[in-house]
Amino acid sequence: SKKWRNRDDSIMKVSTREEEAGDVAARQAVVTEAFKQNNESKLVDELIKGGFSCLSLIACSDEQVVGHVLFSKLETTAFPEGHIALSLAPLAVAPAMQSKGVGTTLVKEALAICKQRGYSSVFVLGDTKYYSRFGFTLEAAKSIQCEYAGEHFMALELQERALKGVTGSLKYPPPFEG
């Protein structure tokens, strides 16, 4: 059946939900297809199996998994008591569904869930133009030491002033190293 869409409406209507056991194969396929190889898919599997992930969110269109984003806890040193920092990685959208708002929907929904759950901040290594639309800035991450620090390393405060005056360091979970 043909899908109809207004010409000026390129935004796909997708629903998001937390990944369930029955979604694993479809999520693996989407992540592999999005990155054109399976390193990121293996990374997601290892982060989930290793207990590092705290949110694995999928996007569905017509019951099909079309996108995925994973948030994992980062190891923090010299951060304020109770500060829980997360990494956003990876974000994947099926190639046929890219540039249709699926990734934006996934990230916005996931950030809202992470904020509601009381997490303090999120770090991402990625396209500054893309991630700035969600409030990520290079400025927020610049005083944080991390092996990925540089011109694409950004942060977002989920709780007000969560990174104000913080000069600690972050370590990504071991699966990122492999």
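When reading the values below, keep in mind they use all heavy atoms of this one structure, side chains included, and skip hydrogens, waters and symmetry mates.
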*Asks:* At their closest point, which heavy atom of Ile48 faces which heavy atom of Arg27, and how far apart are they?
*Replies:*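 Scanning both residues completely, I find the closest heavy atoms to be CD1-NH2, 3.7 Å.
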*Asks:* If hydrophobic clusters are built by linking Ile, Leu, Val, Met, Phe, Trp and Tyr wherever their side-chain heavy atoms come under 4.5 Å apart, do Leu170 and Leu43 end up in the same one?
*Replies:*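 Same cluster: Leu170 reaches Leu43 through Ile, Leu, Val, Met, Phe, Trp or Tyr contacts under 4.5 Å.
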*Asks:* If every non-hydrogen atom of Val166 is compared with every non-hydrogen atom of Pro80, which pair is closest and at what distance?
*Replies:*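 Minimum heavy-atom separation between Val166 and Pro80: CG2-CD, 3.7 Å.
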*Asks:* Tell me the closest heavy-atom pair linking Leu163 and Ala155, and the distance in Å.
*Replies:*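 So the minimum-distance heavy-atom pair works out to CD1-CB, 3.7 Å.
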*Asks:* Less than 4.5 Å apart, side chain to side chain, heavy atoms only: is that true for Thr128 and Met154?
*Replies:*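 Yes; the side chains approach each other to less than 4.5 Å.
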*Asks:* Do Phe35 and Pro90 come close enough that some side-chain heavy atom pair is under 4.5 Å?
*Replies:*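 A side-chain contact under 4.5 Å exists here.
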*Asks:* Do Pro95 and Glu33 come within less than 4.5 Å of each other through their side chains, counting heavy atoms only?
*Replies:*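 They are in side-chain contact.
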*Asks:* Would one find more than 12 heavy atoms of other residues, nucleotides or ligands at under 6.0 Å from atom CD of Gln64?
*Replies:*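 Check fails, neighbour count at 12 or below.
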*Asks:* Please say which of Ile144, Leu156, Leu86 ends up in a side chain to side chain contact (heavy atoms under 4.5 Å, CB included) with Phe123.
*Replies:*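 Single side chain to side chain contact (heavy atoms under 4.5 Å, CB included) partner of Phe123 among Ile144, Leu156, Leu86: Ile144.
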*Asks:* Is it true that Asp127 and Arg133 make a salt bridge, defined as a side-chain N closer than 4.0 Å to a carboxylate O?
*Replies:*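 Between Arg133 and Asp127 there is no salt bridge, as every charged N stays at least 4.0 Å from the carboxylate O atoms.
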*Asks:* Taking side chain as C-beta onward, heavy atoms only, is Ile113 less than 4.5 Å from Arg117?
*Replies:*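 The answer is yes, as the side chains (C-beta and beyond) meet within the 4.5 Å cut-off.
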*Asks:* Verify the cluster assignment for Tyr119 and Phe71: are they in a single hydrophobic cluster under the rule of side-chain heavy atoms below 4.5 Å apart?
*Replies:*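 Same cluster.
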*Asks:* Side-chain heavy atoms nearer than 4.5 Å, only ILVMFWY residues, links allowed to pass through others: does that put Val31 and Leu88 together?
*Replies:*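 In one cluster: no.
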*Asks:* Does a side-chain heavy-atom distance below 4.5 Å link Tyr172 with Cys146?
*Replies:*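 With C-beta onward as the side chain, the pair touches.
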*Asks:* If I take atom CD from residue Gln116 and atom CG from residue Leu158, how far apart are they, to the nearest 0.5 angstrom?
*Replies:*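 Gln116 atom CD to Leu158 atom CG measures 12.0 Å (nearest 0.5 Å).
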*Asks:* Do Pro174 and Phe52 make a side-chain contact, defined as non-hydrogen atoms from C-beta onward lying under 4.5 Å apart?
*Replies:*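 When only atoms from C-beta onward are counted, Phe52 and Pro174 do touch, with a gap below 4.5 Å.
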*Asks:* Report the C-alpha distance between Lys171 and Leu74 in whole Å, list the side-chain angles of each, state the deciding distance to 0.1 Å, and finish with yes or no for side-chain contact (heavy atoms from CB on, under 4.5 Å).
*Replies:* CA-CA 6 Å; Lys171 188 166 172 32; Leu74 295 169; over 6 Å; no
*Asks:* Evaluate side-chain contact (heavy atoms from CB on, under 4.5 Å) for Leu57 paired with Glu19, printing each intermediate quantity in order.
*Replies:* CA-CA 6 Å; Leu57 200 68; Glu19 179 181 321; over 6 Å; no
*Asks:* Minimum heavy-atom separation for Ala92 and Leu106, please, with both atom names.
*Replies:*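 Where Ala92 meets Leu106 most closely, the heavy atoms are O-CD1, 4.3 Å.
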*Asks:* Going only through I, L, V, M, F, W and Y residues with side-chain contacts under 4.5 Å, is there a path from Val102 to Val69?
*Replies:*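 No; tracing contacts between hydrophobic side chains, which count when under 4.5 Å, never links both residues.
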*Asks:* Could you measure the distance from the OG1 atom of Thr16 to the NZ atom of Lys108? Nearest 0.5 Å is fine.
*Replies:*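 So the OG1 of Thr16 and the NZ of Lys108 are separated by 12.5 Å.
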*Asks:* Is there a path of hydrophobic side-chain contacts, each under 4.5 Å between heavy atoms of I/L/V/M/F/W/Y residues, joining Val66 to Leu91?
*Replies:*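 Looking at the clustering, Val66 is in a separate group from Leu91.
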*Asks:* Should the pair Glu46-Lys49 be classified as a salt bridge under the 4.0 Å nitrogen-to-oxygen rule?
*Replies:*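 No, this pair does not count.
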*Asks:* Looking at Glu109 and Arg17, is there a salt bridge between them, counting it only when a charged N and a carboxylate O are closer than 4.0 Å?
*Replies:*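 No salt bridge links Arg17 with Glu109.
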*Asks:* Is the backbone N or O of Glu160 less than 3.5 Å from a side-chain atom of Lys164, with the two atoms forming a donor-acceptor pair by type?
*Replies:*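 Checking the backbone N and O of Glu160 against the side chain of Lys164, no donor-acceptor pair under 3.5 Å is found.
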*Asks:* If you take all heavy atoms of Ala141 and Phe153, which pair is closest and at what distance?
*Replies:*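 Closest heavy-atom pair between Ala141 and Phe153: CB-O, 3.5 Å.
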*Asks:* Over 60° means perpendicular and under 30° means parallel, so classify the ring planes of Tyr131 and Phe134, tilted if in between.
*Replies:*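 Answer is tilted, since the angle falls between 30° and 60°.
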*Asks:* Distance check, rounded to the nearest 0.5 Å: Glu20 atom CD versus Ser56 atom OG?
*Replies:*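 Atom-to-atom, Glu20:CD and Ser56:OG are 10.5 Å apart.
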*Asks:* Taking the side chain as everything from C-beta on, heavy atoms only, tell me whether Ile84 gets closer than 4.5 Å to Phe79.
*Replies:*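 Heavy-atom side-chain distance check fails, nothing below 4.5 Å.
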*Asks:* Identify the heavy atoms of Gly82 and Ser120 that sit nearest to each other, and give their distance.
*Replies:*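 Reported closest heavy-atom pair: O-OG, 4.0 Å.
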*Asks:* Exactly one of Asp45, Asp23, Asn38 should register a side-chain hydrogen bond (donor to acceptor under 3.5 Å, both in side chains) with Gln28. Which one does?
*Replies:*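 Looking at Asp45, Asp23, Asn38, the match for Gln28 under the side-chain hydrogen bond (donor to acceptor under 3.5 Å, both in side chains) is Asp45.
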*Asks:* Checking Ser132 side chain against Lys129 main chain: does a donor-acceptor pair fall under 3.5 Å?
*Replies:*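 Confirmed, Ser132 side chain pairs with Lys129 backbone.
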*Asks:* Show which residues join Val65 in its hydrophobic cluster (side-chain heavy-atom contacts under 4.5 Å, direct or indirect), or state none.
*Replies:*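 Grouped by the 4.5 Å side-chain rule, Val30, Ile58 form the rest of the cluster around Val65.
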*Asks:* If you define the side chain from C-beta out and look only at heavy atoms, does anything of Phe176 sit under 4.5 Å from Tyr148?
*Replies:*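 Counting from C-beta outward, Phe176 and Tyr148 do come under 4.5 Å.
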